[in-house]
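Read the structure below first, then the notes.
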Number of protein chains: 2
Amino acid sequence: VKDLSRYQYELQLLAHVEDMMLSLLPDTASTIREAGYHHLTAGGSRVRARLALQAAYALGLSEQTSVAISSATEILHNASLLHDDLQDADTVRRGKEAVWQKFGKNAAVCTGDLFISASYAALACCKNERLNELVAHMHYNTEEVIVGQQADLEASDYSQQAYEKIAMMKSGPLLGLPVELCLIAAGRADSISTAQQASYEIAIAYQVTDDIQDMDQDREKGALNFTSLLVGSRDEVIAQAKVYASERARKAKRLAAELPHGSGRGLDLLAQRFVDAN
Amino acid sequence: VKDLSRYQYELQLLAHVEDMMLSLLPDTASTIREAGYHHLTAGGSRVRARLALQAAYALGLSEQTSVAISSATEILHNASLLHDDLQDADTVRRGKEAVWQKFGKNAAVCTGDLFISASYAALACCKNERLNELVAHMHYNTEEVIVGQQADLEASDYSQQAYEKIAMMKSGPLLGLPVELCLIAAGRADSISTAQQASYEIAIAYQVTDDIQDMDQDREKGALNFTSLLVGSRDEVIAQAKVYASERARKAKRLAAELPHGSGRGLDLLAQRFVDAN
């Protein structure tokens, strides 16, 4: 019953998060409003929004602060998707046309810009005395993602080490951010580095798992894939990659378990997806 | 002597602002760091940084808050330049290659993204109890600029009214922002709308003045120019446009004079440039 009520509470707050994200679109009729609406209503599993709500609940944060952190991290992630799709020329997102494909490249740049700014506006809805720290930390993680994205766009010759570093930088900071901001808001900044390490491990496990699934497709396109960094037959490299992803996911689970008051439960569940996956 | 010491104080703080902006570039060697450095060290008159310092001084804000607001608004403006140059395919900025031209389109998107995020990190260096409001207001103005930029990129058939609205939205919010944030920090949010109106008038006066200078060039390119919305001979439309810009600039001066404790002095000096200009 306790788990059920927690789950219901999470769903209720998730509805507030959806409302807050939509409320941050421009009021007036405009391409930016349409493009933002198109993107936000295309679905998406709201992994980062849920991670924030789970950690906020565990740490006893207020409803207002929980929704603010959850919305901020989810919008920021969606900003990164808008600009990623443009830069990678990916035409489909969540089964619908990507924003740049439907509304043009200029609109995709502008809508992504709006989302970055809106993520800080969402965060500022926190009623928390540590807003300075929250903003500074969100920027720190954003910077890392941007540097990682650019490194990925430029990379040509990957070593396994370079692959890992880019996978960590591209995805880790926005996965850890929801939990890290909750830790800051709850006065537990001492646990940030543990959350960061856990999110880096999940980022690698996620990317390797994704690569196993996209293996044949990537080979056709000549795109980078983790399995192409390994030596052996097709079955051998798949087996190696699976073991690798599982090990990183298990490490993430150990780290998540160290976070205070069960605030790493969401990261643990996420990591679990990549243990013996595929 | 009082004016001299005020001017010296402003120059001293402006040096801190330059330091803060550079300190917000990534520490590690990366294209983003190079591109950001290339852009920030290309000069620029730092109009918005100075507007903030002037208003902050008039309103008695602390050095730390003055530098934070000044840096935030200047970086945000530079973010808009990075993405504008990309969208307008302008190859030169401040006598140097534009970032997209030198470092590529992807790097320009990423560096502009970093600058947007960094502007909030700079603002969060304020020691001010109204940080929530400051962040919310900076986002509000950012949204307006983004919607204005997109409207400008899409516009084909301009009326004078449409021209004015776009000129106001594109430039006004980032000109008024430095002063508006200082008013909020000083507990004078009641004067925000006056500062906004003044900045809208300056935005129009600036754009019209700019158009008079670029008149022949724009006619060759078939680009929109205010003078092409007027009826008459070349000399007649120039004279009309000058009168128009002067009237808007004078209106801005009257509004700036209403701001508390002389905090509109910077806006007044800026507006003065467009009175009987060209």
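Computed from a predicted structure; not experimentally measured. Chain letters run A, B, ... following the sequence lines, proteins first, then strands; residues in each count from 1.
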Examine whether an atom of [X] lies under 4.5 Å from a heavy atom of chain A, and if so say whether it belongs to the side chain, the backbone or both; otherwise answer neither.
X         : value
Leu153(B) : side chain
Glu129(B) : neither
Asp27(B)  : backbone
Leu123(B) : neither

Look only at the side chain of Asn106(B) and the backbone of Gln150(A), and say whether a donor-acceptor pair between them is shorter than 3.5 Å.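 Checked: no pair found.
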
Mind checking the [atom1]-[atom2] spacing from [X] to [Y]? Nearest 0.5 Å is all I need.
X         : Y         : atom1 : atom2 : value
Asp113(B) : Ile146(A) : CG    : CD1   : 5.0 Å
His139(A) : Leu114(B) : NE2   : CG    : 5.5 Å
Glu144(A) : Thr28(B)  : CD    : OG1   : 8.5 Å
Gln149(B) : Ile32(A)  : CD    : CD1   : 9.0 Å
Asn132(A) : Asn128(B) : CG    : CG    : 9.5 Å

Please determine, among Ala121(B), Ala136(B), Ser30(B), Pro26(B), the option with the most heavy-atom pairs under 4.5 Å with chain A.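 Between Ala121(B), Ala136(B), Ser30(B), Pro26(B), the count favours Pro26(B).
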
Among Thr31(B), Leu134(B), Thr111(B), Leu86(B), who wins on heavy-atom pairs under 4.5 Å with chain A?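 So the answer, after comparing Thr31(B), Leu134(B), Thr111(B), Leu86(B), is Thr31(B).
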
Can you establish whether the number of heavy atoms outside Lys96(A) located under 6.0 Å from its atom NZ is more than 12?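 Yes, NZ of Lys96(A) has more than 12 neighbouring heavy atoms, counting only those of other groups under 6.0 Å.
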
Counting only heavy atoms from other residues, nucleotides and ligands, does the tally under 6.0 Å from OH of Tyr206(A) exceed 12?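 12 or below, so no.
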
Closest-packed option against chain B by number of heavy-atom pairs under 4.5 Å, given Thr142(A), Leu24(A), Leu25(A), Val109(A):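 The answer is Val109(A).
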
Contact class of Glu154(A) relative to chain B, heavy atoms under 4.5 angstrom: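 Side chain only.
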
Side chain / backbone / both / neither for Leu76(A) at chain B, heavy atoms under 4.5 Å: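 No part of it gets close to chain B.
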
If I compare all heavy atoms of Val135(B) with all of Ala124(A), which pair ends up nearest, and what's the gap?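 Where Val135(B) meets Ala124(A) most closely, the heavy atoms are CG1-CB, 3.5 Å.
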
Using the six-membered ring wherever Trp is involved, compare the ring planes of His83(A) and His83(B) and label them parallel, tilted or perpendicular (cut-offs 30° and 60°).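 Taking His83(B) first and then His83(A), their aromatic rings stand perpendicular (interplane angle over 60°).
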
